[in-house]
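The block underneath contains the structure these notes are about, expressed in structure tokens.
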Amino acid sequence: MPFPNYPDKYSSPAVLTAQEMIAFRRSLGRMPGIEPPEGVILCLQRGLPERLRFRYPLRRAGQLMGDLYLLRRSGGKAAVLTNFGIGASLIGALAEEMIAWGVIRLVSISWAGGLQSDLSPGSIVVCDRAIRDEGTSHHYLPPGRYVEA
């Protein structure tokens, strides 16, 4: 649905790109002093890496819109980004910046409730699609009811 004051919003070029944000962060010295990992886990649960650090040793690598930790066992190939907030717009911005930095794989994890009576606490649910009921995905995909994983 076009906005009345900006009918070409979704087809217009971005005002600011992820590449420009990475360059800006570098100019301020606010990029982690490491090579980009191959994969980043976007962890929406605040503090989860700190609670898991004894089972999965981490090394804090700096900040990038949140706290970035390298998984020690991965040899710098995998990282966890956490403590960045919530919302589709923020996740979109994070994903764009991670890709512009050189990250190849992104995985998002979080806690959630469920309505199915056959689920028990601790069940793992992997989504294969989601109802598009936010404004962010319309910047990336044609309109539709669902977005596939």
Side-chain angles (χ1 to χ4, degrees), residues 1-26 30-32 34-53 55-56 58 60-71 73-74 76-149:
M1 170 177 92
F3 287 81
N5 297 333
Y6 196 2
D8 299 322
K9 177 179 178 171
Y10 295 123
S11 60
S12 297
V15 174
L16 185 64
T17 68
Q19 292 83 359
E20 291 168 330
M21 283 304 301
I22 294 292
F24 176 70
R25 290 182 199 289
R26 278 197 178 108
R30 294 190 178 162
M31 284 295 295
I34 60 169
E35 289 295 313
E38 287 180 24
V40 171
I41 300 167
L42 302 174
C43 182
L44 287 113
Q45 180 63 35
R46 287 191 164 280
L48 185 60
E50 292 89 347
R51 290 193 294 274
L52 294 177
R53 71 181 178 270
R55 187 171 194 177
Y56 303 101
L58 303 169
R60 192 166 191 283
Q63 282 200 284
L64 189 61
M65 292 176 64
D67 297 325
L68 185 69
Y69 297 89
L70 289 174
L71 289 159
R73 294 180 191 170
S74 74
K77 292 183 179 184
V80 177
L81 185 66
T82 189
N83 298 333
F84 49 76
I86 60 170
S89 298
L90 179 60
I91 296 296
L94 281 168
E96 285 189 7
E97 286 194 32
M98 293 291 106
I99 292 164
W101 186 32
V103 174
I104 298 168
R105 293 175 185 85
L106 295 168
V107 174
S108 176
I109 63 169
S110 183
W111 302 106
L115 300 175
Q116 290 79 12
S117 60
D118 60 334
L119 290 178
S120 57
S123 293
I124 295 175
V125 177
V126 178
C127 299
D128 62 358
R129 67 182 176 166
I131 296 173
R132 292 175 64 188
D133 189 27
E134 40 59 53
T136 302
S137 63
H138 296 283
H139 290 278
Y140 300 95
L141 301 168
R145 180 168 171 82
Y146 299 103
V147 62
E148 304 295 322

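Atom CH2 of residue Trp101 and atom CD of residue Gln19 lie 14.5 Å apart, to the nearest 0.5 angstrom.
Between Met31 and Arg26, the shortest heavy-atom distance links the atoms CG-CG, 3.4 Å. Ala61 approaches Ile34 most closely through the heavy-atom pair CB-CD1, 3.9 Å. The shortest heavy-atom contact between Ile22 and Ala100 is CG1-CB, 4.0 Å. The two residues Leu64 and Leu94 come nearest to each other via the heavy atoms O-CD2, 4.1 Å. Minimum interatomic distance between Pro32 and Leu68 (heavy atoms only, all atoms of both residues): CG-CD2, 3.8 Å. Taking all atoms of both residues into account, the shortest heavy-atom contact from Val80 to Cys43 is CG1-CB, 3.9 Å.
Between Gln63 and Arg30 there is no side-chain heavy-atom pair separated by less than 4.5 Å. Taking 4.5 Å as the limit, every side-chain heavy atom of Glu96 sits out of range of all side-chain heavy atoms of Met21.
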For a quick test of your reading: what N or O donor-acceptor pairs under 3.5 Å do the side chains of residues 113-120 make, sequence neighbours left out?
none

*Apply side-chain contact (heavy atoms from CB on, under 4.5 Å) to Leu16 and Phe24, showing your working.*
CA-CA 11 Å; Leu16 185 64; Phe24 176 70; over 6 Å; no
*After noting the C-alpha distance and the side-chain angles of Leu71 and Leu58, does the key distance pass the side-chain contact (heavy atoms from CB on, under 4.5 Å) rule?*
CA-CA 5 Å; Leu71 289 159; Leu58 303 169; 3.3 Å; yes
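Shown here are the side chain to side chain donor-acceptor pair (under 3.5 Å) partners of Arg132, two or more places apart in sequence or in another chain: Ser137, His138.
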